[in-house]
Amino acid sequence: MTGNDSPPEDRPSEEAPDRSFAVDVEEVLEDDPDGEPSQGLFDDLLSGEPIFENKEVLRPSYTPHELPHRSDQINKMATILVAALRGETPSNILIYGKTGTGKTASAKFVSQELEQTSKKYEVPCEVEYINCEVTDTQYRVLAQLANKFIEQNEAHVERRLSDLADLREAVEEGSTALEATPFESTTGIDSRIETLEDELEEMEPVPMTGWPTDRVYKEFFDAVDYRERVVVIMLDEIDKLVEKSGDDTLYNLSRMNSELDNSRVSIMGISNDLKFTDFLDPRVKSSLGEEEIVFPPYDANQLRDILQHRADIAFEERALTDDVIPLCAAFAAQEHGDARRALDLLRTAGELAERSQSEHVDESHVRKAQDKIELDRVVEVVRTLPTQSKLVLFSIILLEKNGVHNINTGEVFNIYKRLCEEIDADVLTQRRVTDLISELDMLGIVNAIVVSKGRYGRTKEISLSVPTEETEAVLLADSRLSEIEEIQPFVQARFDN
DNA sequence: CATCCACCGGAATGTAGGGCCT
DNA sequence: AGGCCCTACATTCCGGTGGATG
(Lines give C-alpha, C1' and ligand atoms only; values in the text may rest on other atoms or scores of the structure.)
Protein backbone atom coordinates (compact mmCIF):
# COMPACT_ATOMS: atom_id res chain seq x y z
CA MET A 1 0.00 0.00 0.00
CA THR A 2 1.80 3.08 -1.20
CA GLY A 3 -1.09 5.49 -0.90
CA ASN A 4 0.53 6.81 2.21
CA ASP A 5 2.41 9.64 0.58
CA SER A 6 -0.75 11.65 0.67
CA PRO A 7 -0.68 14.82 -1.41
CA PRO A 8 -0.56 18.06 0.56
CA GLU A 9 -4.31 18.18 0.79
CA ASP A 10 -5.31 19.74 4.05
CA ARG A 11 -1.99 21.17 4.98
CA PRO A 12 -3.26 23.70 7.46
CA SER A 13 -4.28 21.25 10.10
CA GLU A 14 -4.35 24.07 12.57
CA GLU A 15 -7.21 22.62 14.50
CA ALA A 16 -4.90 21.65 17.31
CA PRO A 17 -7.05 19.96 19.92
CA ASP A 18 -5.67 22.06 22.72
CA ARG A 19 -5.60 25.58 21.45
CA SER A 20 -5.19 27.12 24.87
CA PHE A 21 -2.00 25.23 25.43
CA ALA A 22 -0.52 26.50 22.20
CA VAL A 23 -1.33 30.04 23.23
CA ASP A 24 0.35 29.54 26.57
CA VAL A 25 3.50 28.44 24.90
CA GLU A 26 3.56 31.51 22.75
CA GLU A 27 3.02 33.80 25.67
CA VAL A 28 5.82 32.28 27.59
CA LEU A 29 8.11 32.69 24.67
CA GLU A 30 7.15 36.30 24.16
CA ASP A 31 7.66 37.14 27.77
CA ASP A 32 11.15 35.80 27.62
CA PRO A 33 13.47 38.67 28.57
CA ASP A 34 16.09 37.49 26.14
CA GLY A 35 13.76 38.35 23.33
CA GLU A 36 13.92 34.95 21.74
CA PRO A 37 12.14 34.65 18.43
CA SER A 38 8.66 33.28 18.91
CA GLN A 39 9.47 30.48 16.45
CA GLY A 40 10.73 28.43 19.38
CA LEU A 41 11.90 25.01 20.19
CA PHE A 42 8.48 23.42 20.51
CA ASP A 43 6.69 25.12 17.65
CA ASP A 44 7.85 22.67 15.05
CA LEU A 45 6.88 19.74 17.16
CA LEU A 46 3.46 21.12 17.91
CA SER A 47 2.67 21.95 14.32
CA GLY A 48 2.91 18.35 13.12
CA GLU A 49 -0.22 16.36 12.61
CA PRO A 50 -1.12 14.70 15.90
CA ILE A 51 -1.02 10.95 15.91
CA PHE A 52 -2.23 10.19 19.37
CA GLU A 53 -5.59 11.12 20.62
CA ASN A 54 -5.29 9.54 24.02
CA LYS A 55 -2.06 7.81 24.74
CA GLU A 56 -2.96 6.81 28.29
CA VAL A 57 -5.08 4.02 26.90
CA LEU A 58 -1.98 2.22 25.73
CA ARG A 59 -0.18 2.31 29.03
CA PRO A 60 -0.01 -0.80 31.16
CA SER A 61 -1.61 1.00 34.10
CA TYR A 62 -4.81 1.61 32.19
CA THR A 63 -7.75 -0.60 33.10
CA PRO A 64 -10.01 -0.97 30.09
CA HIS A 65 -13.76 -1.20 30.40
CA GLU A 66 -13.96 -3.92 27.86
CA LEU A 67 -11.72 -6.91 27.70
CA PRO A 68 -12.16 -8.78 24.45
CA HIS A 69 -11.87 -12.57 24.63
CA ARG A 70 -12.06 -12.62 28.37
CA SER A 71 -15.79 -12.72 28.90
CA ASP A 72 -15.75 -16.35 29.99
CA GLN A 73 -13.26 -15.68 32.73
CA ILE A 74 -14.96 -12.46 33.78
CA ASN A 75 -18.34 -14.10 33.94
CA LYS A 76 -17.00 -16.92 36.00
CA MET A 77 -15.45 -14.47 38.44
CA ALA A 78 -18.68 -12.54 38.63
CA THR A 79 -20.69 -15.70 39.26
CA ILE A 80 -18.46 -16.53 42.16
CA LEU A 81 -18.37 -13.06 43.60
CA VAL A 82 -22.12 -12.31 43.52
CA ALA A 83 -22.22 -14.21 46.78
CA ALA A 84 -20.59 -11.18 48.35
CA LEU A 85 -23.52 -9.02 47.35
CA ARG A 86 -25.87 -11.42 49.06
CA GLY A 87 -23.80 -11.09 52.19
CA GLU A 88 -22.40 -14.58 51.86
CA THR A 89 -18.76 -15.54 51.67
CA PRO A 90 -17.62 -16.02 48.09
CA SER A 91 -15.37 -18.99 47.37
CA ASN A 92 -11.70 -18.25 47.23
CA ILE A 93 -10.46 -17.89 43.71
CA LEU A 94 -7.14 -18.67 42.13
CA ILE A 95 -6.34 -17.11 38.81
CA TYR A 96 -3.60 -18.46 36.61
CA GLY A 97 -2.02 -17.10 33.50
CA LYS A 98 1.22 -15.79 32.07
CA THR A 99 2.15 -12.15 32.00
CA GLY A 100 0.02 -10.00 29.74
CA THR A 101 -2.92 -12.35 29.56
CA GLY A 102 -5.26 -9.89 31.19
CA LYS A 103 -5.44 -11.43 34.65
CA THR A 104 -4.95 -8.27 36.62
CA ALA A 105 -6.99 -6.13 34.27
CA SER A 106 -9.93 -8.55 34.41
CA ALA A 107 -9.73 -8.92 38.15
CA LYS A 108 -9.58 -5.18 38.67
CA PHE A 109 -12.45 -4.68 36.31
CA VAL A 110 -14.59 -7.20 38.14
CA SER A 111 -13.75 -5.73 41.51
CA GLN A 112 -14.62 -2.23 40.34
CA GLU A 113 -17.98 -3.48 39.16
CA LEU A 114 -18.46 -5.34 42.40
CA GLU A 115 -17.78 -2.30 44.52
CA GLN A 116 -20.01 -0.13 42.41
CA THR A 117 -22.89 -2.55 42.60
CA SER A 118 -22.38 -2.93 46.31
CA LYS A 119 -22.76 0.82 46.70
CA LYS A 120 -25.89 0.82 44.60
CA TYR A 121 -27.59 -1.77 46.77
CA GLU A 122 -25.88 -0.58 49.92
CA VAL A 123 -24.36 -3.92 50.69
CA PRO A 124 -21.10 -3.49 52.56
CA CYS A 125 -18.52 -5.14 50.35
CA GLU A 126 -14.97 -4.12 49.67
CA VAL A 127 -12.06 -5.22 47.58
CA GLU A 128 -8.48 -4.65 48.60
CA TYR A 129 -5.72 -5.01 46.06
CA ILE A 130 -2.21 -5.95 47.04
CA ASN A 131 0.66 -6.51 44.72
CA CYS A 132 2.81 -9.13 46.34
CA GLU A 133 5.78 -8.37 44.22
CA VAL A 134 6.06 -5.07 46.05
CA THR A 135 4.64 -6.20 49.34
CA ASP A 136 6.43 -9.47 49.66
CA THR A 137 6.54 -10.49 53.30
CA GLN A 138 3.82 -11.66 55.62
CA TYR A 139 4.44 -8.70 57.85
CA ARG A 140 4.12 -6.16 55.09
CA VAL A 141 1.00 -7.74 53.63
CA LEU A 142 -0.71 -7.81 56.98
CA ALA A 143 0.45 -4.32 57.90
CA GLN A 144 -0.74 -2.90 54.62
CA LEU A 145 -4.12 -4.56 54.90
CA ALA A 146 -4.44 -3.54 58.53
CA ASN A 147 -3.69 0.06 57.69
CA LYS A 148 -6.14 0.16 54.83
CA PHE A 149 -8.93 -1.11 57.02
CA ILE A 150 -7.98 1.06 59.95
CA GLU A 151 -8.03 4.05 57.66
CA GLN A 152 -11.45 3.07 56.39
CA ASN A 153 -12.78 2.53 59.87
CA GLU A 154 -11.50 5.92 60.86
CA ALA A 155 -13.28 7.51 57.97
CA HIS A 156 -16.38 5.56 58.87
CA VAL A 157 -16.28 6.72 62.48
CA GLU A 158 -15.57 10.28 61.49
CA ARG A 159 -18.57 10.26 59.23
CA ARG A 160 -20.77 9.05 62.04
CA LEU A 161 -19.29 11.64 64.35
CA SER A 162 -20.14 14.45 62.02
CA ASP A 163 -23.60 13.00 61.56
CA LEU A 164 -24.01 13.00 65.30
CA ALA A 165 -22.70 16.54 65.56
CA ASP A 166 -25.32 17.66 63.06
CA LEU A 167 -27.94 15.77 64.96
CA ARG A 168 -26.88 17.30 68.23
CA GLU A 169 -27.11 20.75 66.79
CA ALA A 170 -30.55 20.00 65.46
CA VAL A 171 -31.76 18.67 68.77
CA GLU A 172 -30.32 21.64 70.60
CA GLU A 173 -32.23 23.98 68.41
CA GLY A 174 -35.29 22.00 69.26
CA SER A 175 -36.03 21.20 65.69
CA THR A 176 -39.34 19.47 65.45
CA ALA A 177 -38.43 17.71 62.27
CA LEU A 178 -36.42 15.23 64.25
CA GLU A 179 -38.99 13.41 66.22
CA ALA A 180 -37.71 10.08 65.09
CA THR A 181 -34.32 10.57 66.69
CA PRO A 182 -33.48 7.86 69.20
CA PHE A 183 -31.96 10.44 71.52
CA GLU A 184 -34.11 12.35 73.92
CA SER A 185 -31.52 14.93 74.75
CA THR A 186 -28.10 16.12 73.80
CA THR A 187 -26.54 14.16 76.65
CA GLY A 188 -27.37 10.87 74.96
CA ILE A 189 -25.70 12.09 71.83
CA ASP A 190 -22.75 13.39 73.77
CA SER A 191 -22.02 10.05 75.35
CA ARG A 192 -22.30 8.37 71.97
CA ILE A 193 -19.89 10.89 70.54
CA GLU A 194 -17.54 10.28 73.39
CA THR A 195 -17.38 6.53 72.91
CA LEU A 196 -16.82 7.00 69.20
CA GLU A 197 -14.04 9.46 69.88
CA ASP A 198 -12.44 6.96 72.17
CA GLU A 199 -12.63 4.36 69.47
CA LEU A 200 -11.07 6.78 67.04
CA GLU A 201 -8.31 7.35 69.52
CA GLU A 202 -7.51 3.65 69.54
CA MET A 203 -7.13 3.41 65.81
CA GLU A 204 -3.48 3.88 65.19
CA PRO A 205 -1.80 2.78 62.05
CA VAL A 206 0.54 -0.19 62.20
CA PRO A 207 4.17 0.87 61.84
CA MET A 208 6.01 -0.42 58.82
CA THR A 209 8.40 -2.34 61.00
CA GLY A 210 8.96 -3.27 64.58
CA TRP A 211 5.95 -5.19 65.79
CA PRO A 212 5.70 -8.93 66.21
CA THR A 213 3.83 -10.39 63.30
CA ASP A 214 1.00 -11.82 65.37
CA ARG A 215 0.23 -8.44 66.82
CA VAL A 216 -0.09 -7.03 63.32
CA TYR A 217 -2.32 -9.93 62.46
CA LYS A 218 -4.51 -9.17 65.46
CA GLU A 219 -4.68 -5.54 64.51
CA PHE A 220 -5.69 -6.45 60.99
CA PHE A 221 -8.19 -8.96 62.24
CA ASP A 222 -9.86 -6.44 64.53
CA ALA A 223 -9.94 -3.80 61.85
CA VAL A 224 -11.71 -6.15 59.44
CA ASP A 225 -14.11 -7.40 62.04
CA TYR A 226 -14.95 -3.90 63.19
CA ARG A 227 -18.20 -3.92 61.31
CA GLU A 228 -20.31 -6.16 59.17
CA ARG A 229 -19.10 -6.59 55.60
CA VAL A 230 -17.63 -8.90 53.03
CA VAL A 231 -14.03 -8.29 52.15
CA VAL A 232 -12.30 -9.59 49.06
CA ILE A 233 -8.54 -9.56 49.27
CA MET A 234 -6.88 -9.58 45.92
CA LEU A 235 -3.32 -10.83 46.02
CA ASP A 236 -1.58 -10.15 42.74
CA GLU A 237 1.58 -12.08 41.96
CA ILE A 238 0.76 -14.38 44.81
CA ASP A 239 3.47 -16.80 43.71
CA LYS A 240 6.09 -14.21 44.59
CA LEU A 241 4.74 -14.00 48.10
CA VAL A 242 4.83 -17.75 48.58
CA GLU A 243 8.27 -17.98 47.06
CA LYS A 244 9.72 -15.33 49.34
CA SER A 245 7.96 -15.87 52.60
CA GLY A 246 6.16 -19.19 52.55
CA ASP A 247 2.50 -19.96 52.92
CA ASP A 248 1.95 -18.72 56.47
CA THR A 249 0.22 -15.60 55.26
CA LEU A 250 -2.17 -17.56 53.13
CA TYR A 251 -2.79 -20.02 55.89
CA ASN A 252 -3.65 -17.25 58.31
CA LEU A 253 -5.89 -15.49 55.84
CA SER A 254 -7.74 -18.61 54.84
CA ARG A 255 -8.58 -19.66 58.36
CA MET A 256 -9.72 -16.17 59.37
CA ASN A 257 -13.34 -16.76 58.48
CA SER A 258 -13.88 -19.27 61.25
CA GLU A 259 -12.96 -16.63 63.81
CA LEU A 260 -14.53 -13.52 62.40
CA ASP A 261 -17.81 -12.49 64.00
CA ASN A 262 -19.08 -9.66 61.84
CA SER A 263 -17.33 -9.88 58.53
CA ARG A 264 -16.31 -12.41 55.93
CA VAL A 265 -13.08 -12.64 54.03
CA SER A 266 -12.50 -14.08 50.61
CA ILE A 267 -9.18 -14.37 48.86
CA MET A 268 -8.54 -13.88 45.20
CA GLY A 269 -5.05 -15.00 44.26
CA ILE A 270 -3.44 -14.13 40.97
CA SER A 271 -0.47 -16.16 39.86
CA ASN A 272 1.89 -16.27 36.92
CA ASP A 273 3.09 -19.68 37.85
CA LEU A 274 0.84 -22.63 37.23
CA LYS A 275 2.65 -24.88 39.61
CA PHE A 276 3.09 -22.62 42.56
CA THR A 277 0.50 -24.47 44.64
CA ASP A 278 2.97 -27.35 44.84
CA PHE A 279 4.77 -25.51 47.59
CA LEU A 280 1.63 -24.94 49.61
CA ASP A 281 0.38 -26.72 52.65
CA PRO A 282 -2.38 -29.05 51.40
CA ARG A 283 -4.92 -27.34 53.64
CA VAL A 284 -4.10 -23.96 52.21
CA LYS A 285 -4.06 -25.40 48.74
CA SER A 286 -7.55 -26.80 48.98
CA SER A 287 -9.05 -23.75 50.61
CA LEU A 288 -7.40 -21.30 48.26
CA GLY A 289 -8.11 -23.24 45.14
CA GLU A 290 -11.85 -23.64 45.65
CA GLU A 291 -12.32 -22.07 42.28
CA GLU A 292 -9.67 -21.88 39.64
CA ILE A 293 -9.71 -19.74 36.56
CA VAL A 294 -7.14 -20.04 33.82
CA PHE A 295 -6.19 -17.25 31.46
CA PRO A 296 -4.66 -18.80 28.36
CA PRO A 297 -2.28 -16.71 26.28
CA TYR A 298 -3.84 -14.69 23.49
CA ASP A 299 -3.30 -15.81 19.96
CA ALA A 300 -2.45 -13.38 17.18
CA ASN A 301 -6.08 -12.85 16.18
CA GLN A 302 -7.18 -12.05 19.67
CA LEU A 303 -4.29 -9.69 20.12
CA ARG A 304 -5.36 -7.96 16.97
CA ASP A 305 -8.83 -7.41 18.37
CA ILE A 306 -7.45 -6.03 21.58
CA LEU A 307 -5.11 -3.70 19.79
CA GLN A 308 -7.83 -2.55 17.44
CA HIS A 309 -10.02 -1.84 20.40
CA ARG A 310 -7.52 0.35 22.11
CA ALA A 311 -6.15 1.89 18.96
CA ASP A 312 -9.59 3.26 18.15
CA ILE A 313 -9.42 5.30 21.32
CA ALA A 314 -5.73 5.97 21.44
CA PHE A 315 -5.00 7.18 17.95
CA GLU A 316 -6.38 9.86 15.72
CA GLU A 317 -8.50 8.52 12.94
CA ARG A 318 -6.50 7.11 10.07
CA ALA A 319 -3.21 7.59 11.87
CA LEU A 320 -2.42 3.91 11.48
CA THR A 321 -1.77 2.14 8.25
CA ASP A 322 -3.53 -1.17 7.80
CA ASP A 323 -0.60 -3.40 8.47
CA VAL A 324 0.45 -1.88 11.78
CA ILE A 325 -1.89 -3.71 14.09
CA PRO A 326 -1.50 -7.17 12.54
CA LEU A 327 2.25 -6.76 12.73
CA CYS A 328 2.22 -5.73 16.37
CA ALA A 329 -0.05 -8.65 17.11
CA ALA A 330 2.21 -11.05 15.27
CA PHE A 331 5.31 -9.86 17.10
CA ALA A 332 3.64 -10.10 20.47
CA ALA A 333 2.12 -13.49 19.71
CA GLN A 334 5.63 -14.80 19.34
CA GLU A 335 6.34 -13.60 22.84
CA HIS A 336 3.83 -16.02 24.34
CA GLY A 337 0.80 -13.88 23.58
CA ASP A 338 1.66 -11.05 25.86
CA ALA A 339 -0.87 -8.27 25.38
CA ARG A 340 1.14 -5.85 27.45
CA ARG A 341 3.98 -6.31 25.08
CA ALA A 342 1.71 -5.77 22.10
CA LEU A 343 0.38 -2.52 23.50
CA ASP A 344 3.85 -1.39 24.37
CA LEU A 345 4.91 -2.04 20.84
CA LEU A 346 2.01 -0.11 19.42
CA ARG A 347 2.60 2.84 21.71
CA THR A 348 6.30 2.94 21.01
CA ALA A 349 5.66 2.72 17.29
CA GLY A 350 3.32 5.66 17.62
CA GLU A 351 5.84 7.65 19.58
CA LEU A 352 8.52 6.97 17.02
CA ALA A 353 6.23 8.08 14.23
CA GLU A 354 5.38 11.20 16.16
CA ARG A 355 8.99 12.00 16.75
CA SER A 356 9.92 11.56 13.14
CA GLN A 357 7.05 13.90 12.27
CA SER A 358 5.44 11.46 9.94
CA GLU A 359 1.73 11.62 9.50
CA HIS A 360 1.06 7.93 9.84
CA VAL A 361 2.35 5.04 11.79
CA ASP A 362 3.51 2.37 9.41
CA GLU A 363 5.22 -0.95 9.39
CA SER A 364 8.72 0.47 9.62
CA HIS A 365 7.85 2.23 12.84
CA VAL A 366 6.69 -1.03 14.34
CA ARG A 367 9.92 -2.72 13.41
CA LYS A 368 11.91 0.14 14.85
CA ALA A 369 9.79 -0.01 17.97
CA GLN A 370 10.55 -3.69 18.31
CA ASP A 371 14.25 -2.92 18.18
CA LYS A 372 13.93 -0.01 20.55
CA ILE A 373 12.07 -2.01 23.15
CA GLU A 374 14.64 -4.74 22.99
CA LEU A 375 17.47 -2.23 23.25
CA ASP A 376 15.82 -0.48 26.17
CA ARG A 377 15.47 -3.78 27.91
CA VAL A 378 19.11 -4.61 27.39
CA VAL A 379 20.26 -1.17 28.47
CA GLU A 380 18.22 -1.44 31.62
CA VAL A 381 19.47 -4.90 32.42
CA VAL A 382 23.10 -4.01 31.77
CA ARG A 383 22.88 -0.77 33.67
CA THR A 384 21.61 -2.46 36.79
CA LEU A 385 24.10 -5.30 36.69
CA PRO A 386 26.37 -5.63 39.75
CA THR A 387 29.87 -4.31 39.21
CA GLN A 388 31.46 -7.73 39.02
CA SER A 389 29.11 -8.86 36.30
CA LYS A 390 29.76 -5.65 34.45
CA LEU A 391 33.47 -6.36 34.53
CA VAL A 392 32.90 -9.82 33.17
CA LEU A 393 30.68 -8.49 30.44
CA PHE A 394 33.18 -5.78 29.63
CA SER A 395 35.89 -8.39 29.24
CA ILE A 396 33.72 -10.23 26.77
CA ILE A 397 33.08 -7.04 24.86
CA LEU A 398 36.77 -6.24 24.67
CA LEU A 399 37.47 -9.63 23.21
CA GLU A 400 34.60 -9.39 20.80
CA LYS A 401 35.68 -5.95 19.65
CA ASN A 402 39.02 -7.38 18.81
CA GLY A 403 37.51 -9.82 16.43
CA VAL A 404 37.79 -12.78 18.74
CA HIS A 405 34.89 -15.12 18.32
CA ASN A 406 34.19 -18.30 20.19
CA ILE A 407 35.56 -16.71 23.31
CA ASN A 408 36.22 -19.15 26.13
CA THR A 409 36.13 -18.83 29.86
CA GLY A 410 39.90 -18.76 30.34
CA GLU A 411 40.33 -15.76 28.08
CA VAL A 412 37.51 -13.90 29.72
CA PHE A 413 38.93 -14.64 33.12
CA ASN A 414 42.39 -13.36 32.19
CA ILE A 415 41.10 -10.07 30.90
CA TYR A 416 38.72 -9.83 33.78
CA LYS A 417 41.59 -10.18 36.25
CA ARG A 418 43.52 -7.36 34.64
CA LEU A 419 40.46 -5.14 34.61
CA CYS A 420 39.97 -5.77 38.29
CA GLU A 421 43.51 -4.82 39.08
CA GLU A 422 43.17 -1.70 36.98
CA ILE A 423 40.20 -0.37 38.89
CA ASP A 424 41.25 -1.91 42.17
CA ALA A 425 38.30 -4.25 42.55
CA ASP A 426 38.21 -7.63 44.25
CA VAL A 427 39.13 -10.46 41.94
CA LEU A 428 36.66 -13.27 42.08
CA THR A 429 37.58 -16.87 41.53
CA GLN A 430 37.14 -18.47 38.18
CA ARG A 431 34.43 -20.68 39.60
CA ARG A 432 32.41 -17.62 40.45
CA VAL A 433 33.08 -16.02 37.09
CA THR A 434 31.64 -19.02 35.28
CA ASP A 435 28.49 -18.53 37.29
CA LEU A 436 28.37 -14.87 36.35
CA ILE A 437 28.77 -15.82 32.71
CA SER A 438 25.90 -18.25 33.07
CA GLU A 439 23.80 -15.48 34.55
CA LEU A 440 24.57 -13.22 31.62
CA ASP A 441 23.52 -16.10 29.44
CA MET A 442 20.22 -16.38 31.29
CA LEU A 443 19.60 -12.69 30.80
CA GLY A 444 20.12 -13.08 27.10
CA ILE A 445 23.05 -10.71 27.01
CA VAL A 446 25.55 -13.31 25.95
CA ASN A 447 25.26 -16.73 24.46
CA ALA A 448 27.24 -19.43 26.18
CA ILE A 449 27.37 -23.07 25.21
CA VAL A 450 29.66 -25.75 26.55
CA VAL A 451 31.77 -27.33 23.89
CA SER A 452 34.55 -29.81 24.03
CA LYS A 453 37.70 -29.00 22.15
CA GLY A 454 39.00 -32.49 22.57
CA ARG A 455 42.60 -32.57 23.54
CA TYR A 456 42.39 -28.86 24.32
CA GLY A 457 39.82 -29.22 27.01
CA ARG A 458 36.24 -28.35 27.59
CA THR A 459 34.97 -24.84 27.95
CA LYS A 460 32.11 -22.46 27.37
CA GLU A 461 32.03 -20.81 24.03
CA ILE A 462 30.76 -17.34 24.58
CA SER A 463 29.45 -14.81 22.13
CA LEU A 464 27.79 -11.48 22.62
CA SER A 465 24.12 -11.31 21.68
CA VAL A 466 23.60 -7.58 22.07
CA PRO A 467 24.95 -4.63 20.08
CA THR A 468 28.59 -4.04 21.05
CA GLU A 469 28.83 -0.26 20.91
CA GLU A 470 25.67 0.53 22.83
CA THR A 471 26.40 -1.98 25.52
CA GLU A 472 29.92 -0.71 25.95
CA ALA A 473 28.63 2.81 26.31
CA VAL A 474 26.25 1.70 29.04
CA LEU A 475 29.04 -0.09 30.85
CA LEU A 476 31.37 2.89 30.68
CA ALA A 477 28.64 5.03 32.17
CA ASP A 478 29.23 3.19 35.42
CA SER A 479 31.40 5.28 37.70
CA ARG A 480 33.70 2.38 38.56
CA LEU A 481 34.13 1.18 35.03
CA SER A 482 34.78 4.62 33.65
CA GLU A 483 38.13 4.57 35.41
CA ILE A 484 39.37 2.16 32.80
CA GLU A 485 41.32 4.26 30.36
CA GLU A 486 43.82 2.35 28.32
CA ILE A 487 41.99 -0.43 26.67
CA GLN A 488 44.69 -1.45 24.27
CA PRO A 489 46.97 -3.12 26.85
CA PHE A 490 44.26 -5.62 27.69
CA VAL A 491 43.65 -6.42 24.13
CA GLN A 492 47.34 -6.62 23.44
CA ALA A 493 47.87 -8.99 26.31
CA ARG A 494 45.73 -11.53 24.63
CA PHE A 495 47.96 -11.84 21.62
CA ASP A 496 51.10 -12.12 23.70
CA ASN A 497 50.52 -15.70 24.66
C1' DC B 1 41.79 -46.70 22.31
C1' DA B 2 43.51 -44.60 26.20
C1' DT B 3 44.88 -40.22 27.56
C1' DC B 4 44.45 -35.89 29.29
C1' DC B 5 43.24 -30.92 28.59
C1' DA B 6 40.73 -27.02 30.53
C1' DC B 7 37.37 -26.17 32.11
C1' DC B 8 32.25 -27.44 34.00
C1' DG B 9 29.22 -27.50 37.76
C1' DG B 10 27.48 -29.83 42.28
C1' DA B 11 28.04 -29.51 47.27
C1' DA B 12 29.63 -27.75 51.38
C1' DT B 13 30.98 -24.09 53.75
C1' DG B 14 32.00 -19.14 54.82
C1' DT B 15 30.72 -14.29 55.30
C1' DA B 16 28.28 -9.88 55.20
C1' DG B 17 24.01 -7.46 55.46
C1' DG B 18 19.44 -6.88 56.73
C1' DG B 19 15.01 -7.71 58.86
C1' DC B 20 12.76 -9.56 62.73
C1' DC B 21 11.93 -10.34 67.46
C1' DT B 22 12.75 -10.52 72.54
C1' DA C 1 21.04 -3.83 72.36
C1' DG C 2 21.77 -8.22 70.99
C1' DG C 3 20.63 -12.75 69.33
C1' DC C 4 18.55 -15.19 65.54
C1' DC C 5 17.69 -16.39 61.00
C1' DC C 6 17.41 -15.72 56.15
C1' DT C 7 19.35 -14.47 51.78
C1' DA C 8 22.80 -13.28 48.50
C1' DC C 9 27.13 -13.59 47.20
C1' DA C 10 31.80 -16.06 47.35
C1' DT C 11 35.23 -19.46 48.08
C1' DT C 12 37.07 -24.13 48.44
C1' DC C 13 37.16 -28.61 47.08
C1' DC C 14 36.63 -31.82 43.77
C1' DG C 15 34.61 -35.38 40.87
C1' DG C 16 33.29 -35.29 36.02
C1' DT C 17 33.78 -35.15 30.93
C1' DG C 18 33.66 -34.88 25.21
C1' DG C 19 36.50 -35.80 22.00
C1' DA C 20 41.12 -34.45 19.38
C1' DT C 21 45.34 -36.40 19.65
C1' DG C 22 49.26 -39.36 19.97
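For the numbers below, each heavy atom of this structure counts, side chains included, while hydrogens, waters and symmetry mates do not. Throughout, a chain's letter reflects where its sequence line sits, starting with A, and its residues are numbered from 1.
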### salt bridge (Lys or Arg N to Asp or Glu O under 4.0 Å): pairs with one or both residues in residues 79-90 of chain A, sequence neighbours excluded
none

### Query
If you look only at pairs with a residue in residues 328-344 of chain A, which of them pass as a salt bridge (Lys or Arg N to Asp or Glu O under 4.0 Å), with sequence neighbours excluded?
E335(A)-R341(A), D344(A)-R347(A)

Atom pair distance, as rounded to whole Å: [atom1] in [X] and [atom2] in [N]:
{"X": "D435(A)", "N": "dT11(C)", "atom1": "CG", "atom2": "P", "answer": "11 Å"}
{"X": "I449(A)", "N": "dC7(B)", "atom1": "CD1", "atom2": "P", "answer": "16 Å"}
{"X": "L391(A)", "N": "dC9(C)", "atom1": "CG", "atom2": "C1'", "answer": "15 Å"}
{"X": "Q388(A)", "N": "dC9(C)", "atom1": "CD", "atom2": "C1'", "answer": "10 Å"}
{"X": "L142(A)", "N": "dC20(B)", "atom1": "CG", "atom2": "P", "answer": "12 Å"}
{"X": "L428(A)", "N": "dT15(B)", "atom1": "CG", "atom2": "C1'", "answer": "14 Å"}
{"X": "Y416(A)", "N": "dA10(C)", "atom1": "OH", "atom2": "P", "answer": "8 Å"}
{"X": "L385(A)", "N": "dC9(C)", "atom1": "CG", "atom2": "C1'", "answer": "14 Å"}

#### Entry: Ring-face cation of K103(A) near Y96(A) (centre distance under 6.0 Å, axis angle within 45°)
no

### Query
Looking across every strand, which nucleic acid part, if any, lies under 4.0 Å from V433(A) by heavy atom: base, sugar-phosphate, or nothing?
nothing

### Query
Can you find a pair of side-chain heavy atoms, one from V232(A) and one from S111(A), that are under 4.5 Å apart?
no

### Query
Is there side-chain contact between L476(A) and F394(A), with at least one heavy-atom pair below 4.5 Å?
yes

### Message
Using a strict heavy-atom distance below 4.0 Å, which residues from residues 437-445 of chain A are in contact with DNA chain C?
### Response
none

### Message
Can you tell me how the ring of F149(A) sits relative to the ring of F220(A), calling it parallel under 30°, perpendicular over 60° and tilted otherwise?
### Response
tilted

### Message
Within the 4.0 Å limit for protein heavy atoms, which parts of nucleotides 12-22 of chain C are touched? Write it as a string from 5' to 3', B for base, S for sugar-phosphate only, - for none.
### Response
BB---BBBBS-

### Query
Taking only residues two or more places apart in sequence or in another chain, which ones pass salt bridge (Lys or Arg N to Asp or Glu O under 4.0 Å) with D222(A)?
K218(A)

### Message
Which residues pass the salt bridge (Lys or Arg N to Asp or Glu O under 4.0 Å) test with K453(A), not counting sequence neighbours?
### Response
E461(A)

### Task
For side-chain contact (heavy atoms from CB on, under 4.5 Å), just list the numbers for C125(A) and L114(A), CA-CA rounded to whole Å, side-chain angles, deciding distance to a tenth of an Å, and then say yes or no.
CA-CA 8 Å; C125(A) 169; L114(A) 181 68; 3.8 Å; yes

